[in-house]
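Notes follow the structure.
Remember, it's a predicted structure, so these values are computed and weren't measured experimentally. Chain letters run A, B, ... following the sequence lines, proteins first and then strands; every chain starts at 1.
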2 protein chains.
Amino acid sequence: MRLLLVEDDRRIAADVERALRAAGYVVETVHNGEEAWFRGDTEDYGAIILDLGLPGMDGLAVLKRWRANGRTVPVLILTARGSWAERVDGIDAGADDYLPKPFRIEELLARLRSIVRRSAGHASSRIVAGDVELDERQMKVTLRGVPVALSPLEYRLVAFLLHHRGRVVSQQELDENVYGHGEDHESNALEVLVGRVRKKLGADLIETRRGFGYLVPDTTP
Amino acid sequence: MRLLLVEDDRRIAADVERALRAAGYVVETVHNGEEAWFRGDTEDYGAIILDLGLPGMDGLAVLKRWRANGRTVPVLILTARGSWAERVDGIDAGADDYLPKPFRIEELLARLRSIVRRSAGHASSRIVAGDVELDERQMKVTLRGVPVALSPLEYRLVAFLLHHRGRVVSQQELDENVYGHGEDHESNALEVLVGRVRKKLGADLIETRRGFGYLVPDTTP
DNA sequence: TGATCCACGTCAGCAATTTGTCAGGTTGAT
DNA sequence: ATCAACCTGACAAATTGCTGACGTGGATCA
């Protein structure tokens, strides 16, 4: 999953970015409001982590402009501790959650999982599709209850597909969210990756929609 | 909107209940875990406000049982416990949001609005015409309930025609929207394509309006 | 430092599908 | 009847995706 991190404090930004990458996300970081607005408005992220205290355009203003433009991406805002008025403003401006500074990185990750799964319409942080179960908190994937070891790229692929189960996901979209770069389809690396995942998790988990992309059927009644 | 409030402290419960009613909600209040679980499992609420510190069955256990039973109702957790680890637990157990005590009633209302807003709108876009049904999310087309495999061009043709069902669509328009190029009609590729779709989905789905274009009759009551 | 393993990209070959073209055949309006 | 519009079956070319094999670079450990 691809995230946008908006944080002007370089030190905090670096720390958070490292933790997010370790948790398996593809992360892009910007340090000011204008850049944040542009990226959030033109690119497609799984979620955005937005610091309110920004130089230049204020974080709240950025968020409002995104929402005004119809962007529904989940947004987690970082706020100074204590001011409930600011929190209420943030939530009513369209934030999906807030986290007061300073925070534990574990809580950031949990809240991130929360808003991401909420935006996908899930209620639990475990996702089941056919014989396969994904536990995001433990970064664990099981096949008929048996744990399966996946490489980082394989895990990201599975996680993204399960989050978007029930709909066709294009190769371009997978490129962006698994690798981070959205371009150069001069290679079949993605197809090879899909093949490797199929070998581990069974051939019927991921269906091919020739000419369109891939689909993990939704098995939720 | 109908809410369930789960809070064992009668005094807090009464205050919150009054505020919620003032904000226009219909509120039902219960004071222990068992009752909460039963109500939440059998009734249909717009959202549930759940205190974690309950006598009897713990709030977290209640929440987990709801989620295990497939209840996706938005849940807002209240707790006095401040440790980040327990907050992480609550969120990962499937809570949609979390509010630490003590809280301002304004913030409760804002978060409530937020989770309710989020839970709305996850319907998959479907179009029905005669015996044919189009599910755009899954890019799936079914004929009398039986899935039919369509090629990319065939799918685009069907999708466009169903989107504009009830009116005649010219060949030029189809050329532009299926192929992209609105080129000269020097080939009969489009006619061949229509023929292939008819073979798969039945001859009566697409009517020919000789000299004008094609028509999918609107069968919406 | 060197041996080893693993993740992952690349490549070539293959099989299946897709799709444009074309050569008649039908249909319907006038 | 005539003619343009449209349909159909067949075929070949192009596209797409899968697979096994191989190579490279980084991490780990003796």
Apply side-chain contact (heavy atoms from CB on, under 4.5 Å) to A61(B) and list each qualifying residue two or more places apart in sequence or on a separate chain. M57(B), D58(B)
Could I get the full list of side-chain contact (heavy atoms from CB on, under 4.5 Å) partners for E17(A), not counting sequence neighbours? L5(A), R21(A), V27(A), T29(A)
Taking only residues two or more places apart in sequence, or in another chain, which ones meet [X] in a ring-ring contact (aromatic ring centres under 6.0 Å, His included)?
| X | value |
| --- | --- |
| Y179(A) | H181(A) |
| Y214(B) | none |
| H31(A) | none |
| Y155(B) | F212(A) |

Does a donor on one side chain sit under 3.5 Å from an acceptor on the other, for H164(B) and E173(B)? no
Calculate the interatomic distance between [X] atom [atom1] and [N] atom [atom2]; express it in whole Å.
| X | N | atom1 | atom2 | result |
| --- | --- | --- | --- | --- |
| Y155(B) | dT19(C) | OH | P | 14 Å |
| E191(A) | dT10(C) | CD | C1' | 12 Å |
| L190(A) | dT10(C) | CG | P | 12 Å |

Please report how far the helix from dT1(C)-dA30(D) to dT30(C)-dA1(D) bends, comparing the axis fitted to its first five pairs with the axis fitted to its last five, to the nearest 10 degrees. 30°
Show each protein N/O and nucleotides 9-15 of chain D N/O combination with a separation under 3.5 Å, one pair to a line.
{"residue": "dG9(D)", "atom": "OP2", "partner": "K199(B)", "partner atom": "NZ", "Å": "3.0"}

Look at [X] and [N] and indicate whether a side-chain polar atom (N or O) is within less than 4.0 Å of OP1 or OP2.
| X | N | result |
| --- | --- | --- |
| Y179(A) | dC8(C) | no |
| T208(B) | dT27(C) | no |
| S187(A) | dT10(C) | yes |
| S151(B) | dT19(C) | yes |
| Q171(B) | dA5(D) | no |

Just checking Y214(B): base, sugar-phosphate only, or nothing, at a heavy-atom cut-off of under 4.0 Å? sugar-phosphate
Just call it for L193(A): base, sugar-phosphate, or nothing, with non-hydrogen atoms closer than 4.0 Å on any strand. nothing
Name all pairs fulfilling the side chain to side chain donor-acceptor pair (under 3.5 Å) condition that reach into residues 138-148 of chain B, sequence neighbours left out, sorted by first residue then second. D131(B)-R144(B), D135(B)-Q138(B)
Test applied, salt bridge (Lys or Arg N to Asp or Glu O under 4.0 Å); reference residue, E154(B); option that passes from K200(B), R196(B), K199(B): K200(B)
